[in-house]
Enquirer: 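Structure incoming, see below.
As a basis for the values below, the full set of heavy atoms in this structure was taken, side chains included, without hydrogen atoms, waters or symmetry mates.
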Amino acid sequence: MLFRTTCTLLLILCSLQIVTAQEPEGPSLVFGEVSIAELEKPESLIEQSASAEILGDYGNIDKTGKYVRFTRIKIYNQDGYSHANVEIPKYGNTKISKIRGFTYNLADGAVEKTPIIADQIIEETIMDQFKRITITFPKVKPGAVLDLEIVRKFKQGYAINEWVFQRDIPVVWSELVLLKYTARKVIFFSQGLEPYTISEQKDVSKSSTKYIDRITHHRWARSNLKPIKSEPFISSINNFIAKIDFQYIGGSSYFDYNNVLCYNAAFNETINKTKFMKSALPAFDKSLSDLEKAKQIFAYIRDNMDWNGAFGKIPGNLRDAWKTKGGSVPTINYLLTAALQNNGLRSDPVILSTRKNGLLHPVYAVNNEFNYLVCGVLIGEEWMLLDASEKNHQFGILPKRCLNEKGWRLSKADPGWVSLIPKGYVTSATEAQVTMSKKGFLSGKIKNRYTSYQGYGQRQKLVNQGHKMYLKQKDSKLVDWEFSNLTVENEDDLSMPLMISYEIANAEKEGNNLIYLDPVITSLLNHNPFEAEARLMPINFPYRTLDRYESIIELPDNYTVEELPSPAILKTTDLDLFFQFSATAIDNKIQITSSLRINGLNYPVEEYPEVKSFFETVVNKQSEQIVLRRVE
């Protein structure tokens, strides 16, 4: 299936837009003035079950960089209390000059107004130039209305990165007004499934003929927005939420942005001061191949550095991080880059946007879209991507959060795109041997083999749950079966497939004249992940998948096969999805084989009915019963 790129949803608006005639006006909300009708409003008209709602969200940026934002929130019930705790990011390039807020409640038919006080505003440093302000509204009750006003002042050349119209609760009205000099190049990237209520541009310049005096008034508004809700297997909800991104550096190309970063003092000075690593690193065998040398260096950095949980694209002080044996993702991965370089390997940092953060713009490099840095190393003619921030990371396999189409390799001499899509298949294979006694008691052994991301996920479960709990929770839906005697191979050898074996037993069938068995005892796909009747967002699988299942069920001579599931081959015309199933009985043995292969990664909304039907058929086929009858 050919993927119709999600850019059909991303309307790229360059600096000119058509003025819409006789645009409707939004609600006339004034900060600090709340009506009885707003307080008595019993439910959202957009979505009746909503626990809270944005009644109005207004942003205004003048030509000096002053930014005023006023937001009004309605709380309908206790589930909406979380929206009374507001988090505001604060960057080094902006100053917050004013924060005001009030909680409004009805008390004996009158409006009760309670202000936010200083103790309810907490500022904390997250990392470097990034801080977070948490605002907690007082006296929040069902029916309350919350007003919040924040005034910022941006330094010259800076402004907001984005304006988000849509939330996880309904939005009655969201509006942004922006005044800008025409001479300052600003490119707007607009996206979302919801249309604009207002989208206009006006020249509001004075009579001066100087080009720098040309001032443009922009106004965007969207109204009556339903909450945006995630769906199974999407790349990121941020790719579809209604918003506008801003690029204030003239709409630079990726090559221009590459040069900005490579010569940026905060980045360039840090990454070039790595000579200390030559003496700090252990000696590696010079006779090793580049691949083996890279594997050893990667394992050393991964095993000797502790990740502090922070993402980003700018590394911290490498020498300090090396001394303390810990740091952020970019810090650890640039230490890895430097270690590879110091041992004669070609290695460059690679910046990217995580899946949750959203796709990179296809043409323009938008600074805030990059939020992660990994290491690229050239082995032969292939660039391999590495992330040493987590202990269970395997060489050449990035965390799932990084699998977001492509990243940008930073280099002064030879920058460029690198694919983040894993090559080959991520596989899981299951072998089951089951024997039934003459009384109908079932027992046997299951062997699982996991590679790549499947192995990583299972290793994480083993670490987090422990072996005993892992076995207890394994296939918890199979309530009739008991699991015991867990054996794990290659748990610590990340270069090898993870092998997990355990014994199974089922006494529930014992003594029955008719026994019904599921043909597939354990499967990665035990339900249809696409149950909704309709879908708004394209499907995106992070990697190609191959899931195989084989089992032998050995029967006693007093049971015979009454019924077997019919064989099936299911495939799409281009083989992007393929499923094969068979169940055969020979003498006293039943052999089951099942194979599911996902070749394609992206499926547009138009193909959702076909994908939904495919997976529904797979689940149903794997659940068709084997019927055994007792004979005298």
Enquirer: Salt bridge or not for Asp57 and Arg167, using N-O below 4.0 Å?
Expert: yes
Enquirer: When the ring planes of Phe541 and Phe233 are compared, do they come out parallel, tilted or perpendicular, using 30° and 60° as the limits?
Expert: tilted
Enquirer: With distance as the sole criterion, is a donor-acceptor pair present between the side chains of Lys153 and Thr64 under 3.5 Å?
Expert: yes
Enquirer: Answer yes or no: is there an ion pair linking Glu382 with Lys423, defined by an N-O contact shorter than 4.0 Å?
Expert: yes
Enquirer: Just by distance, with hydrogens left out, do Asp576 and Asn599 show a side-chain donor and acceptor under 3.5 Å apart?
Expert: no
Enquirer: Taking the six-membered ring for Trp and the full ring for Phe, Tyr or His, determine whether the centres of Phe370 and Tyr257 are under 6.0 Å apart.
Expert: yes
Enquirer: With side chain to side chain donor-acceptor pair (under 3.5 Å) as the rule and sequence neighbours excluded, what pairs involving residues 342-354 come up?
Expert: Arg346-Asp348, Asp348-Arg409, Ser353-Asn357, Thr354-Asn371
Enquirer: Are side-chain heavy atoms of Ile135 and Asn85 found at a separation under 4.5 Å?
Expert: no
Enquirer: Kindly compute the distance separating CG (Leu176) from NZ (Lys243), expressed to the nearest 0.5 Å.
Expert: 14.0 Å
Enquirer: Is the NZ or CZ atom of Arg544 both under 6.0 Å from the centre of the six-membered ring of Tyr425 and within 45° of that ring's axis?
Expert: no
Enquirer: Side-chain atoms of residues 297-304: list all donor-acceptor pairs with protein atoms under 3.5 Å, sequence neighbours left out, distances to 0.1 Å.
Expert:
{"unit_1": "Arg302", "atom_1": "NH1", "unit_2": "His393", "atom_2": "O", "d": "2.8"}
{"unit_1": "Asn304", "atom_1": "ND2", "unit_2": "Tyr300", "atom_2": "O", "d": "2.7"}

Enquirer: A side-chain contact here means heavy atoms from C-beta on lying under 4.5 Å apart; do Val329 and Tyr372 qualify?
Expert: yes
Enquirer: Of the non-hydrogen atoms in Tyr450 and Ser428, which two are nearest, and what is the gap between them?
Expert: CD2-CB, 3.8 Å
Enquirer: Do Lys313 and Glu369 sit within salt-bridge range, that is, some charged N less than 4.0 Å from a carboxylate O?
Expert: no
Enquirer: Tyr364 vs His361 aromatic rings, parallel, tilted or perpendicular, using cut-offs 30° and 60°?
Expert: tilted
Enquirer: Using a strict threshold of under 4.0 Å (side-chain N to carboxylate O), is an ion pair present between Lys293 and Asp285?
Expert: no
Enquirer: Distance only, no hydrogens: is a donor on one side chain within 3.5 Å (strictly under) of an acceptor on the other, for Glu231 and Tyr608?
Expert: no
Enquirer: Can you list the steps and then say if Arg449 with Glu489 is a salt bridge (charged side-chain N to carboxylate O under 4.0 Å, His left out)?
Expert: CA-CA 10 Å; Arg449 182 181 186 273; Glu489 298 178 42; over 6 Å; no
Enquirer: Would you check if Leu288 and Gln296 make a side-chain contact, meaning some heavy-atom pair closer than 4.5 Å?
Expert: yes
Enquirer: Any chance the side chains of Tyr470 and Gln458 put a donor and an acceptor closer than 3.5 Å?
Expert: yes
Enquirer: Could you check whether atom NZ of Lys571 has more than 12 heavy atoms from other residues, nucleotides or ligands sitting under 6.0 Å from it?
Expert: no
Enquirer: Ring centres under 6.0 Å, that's the criterion: do Trp417 and Tyr254 meet it?
Expert: yes
Enquirer: Is the gap between the ring centers of Tyr453 and Tyr543 under 6.0 Å?
Expert: yes
Enquirer: Would you say the side chain of Arg355 lies within less than 4.5 Å of the side chain of Pro542, judging by non-hydrogen atoms?
Expert: yes
Enquirer: Looking only at heavy atoms, which two atoms of Ile314 and Pro330 are closest? And how far apart?
Expert: O-CG, 3.6 Å
Enquirer: Is NZ or CZ of Arg222 both nearer than 6.0 Å to the six-membered ring centre of Phe165 and within 45° of the ring axis?
Expert: yes
Enquirer: Can you list the residues that meet the side-chain contact (heavy atoms from CB on, under 4.5 Å) rule with Ser236, with sequence neighbours excluded?
Expert: Asn238, Asn239
Enquirer: Here's one to test your reading of the geometry: is the NZ or CZ of Lys406 within 45 degrees of the ring axis of Trp408 and under 6.0 Å from its centre?
Expert: no
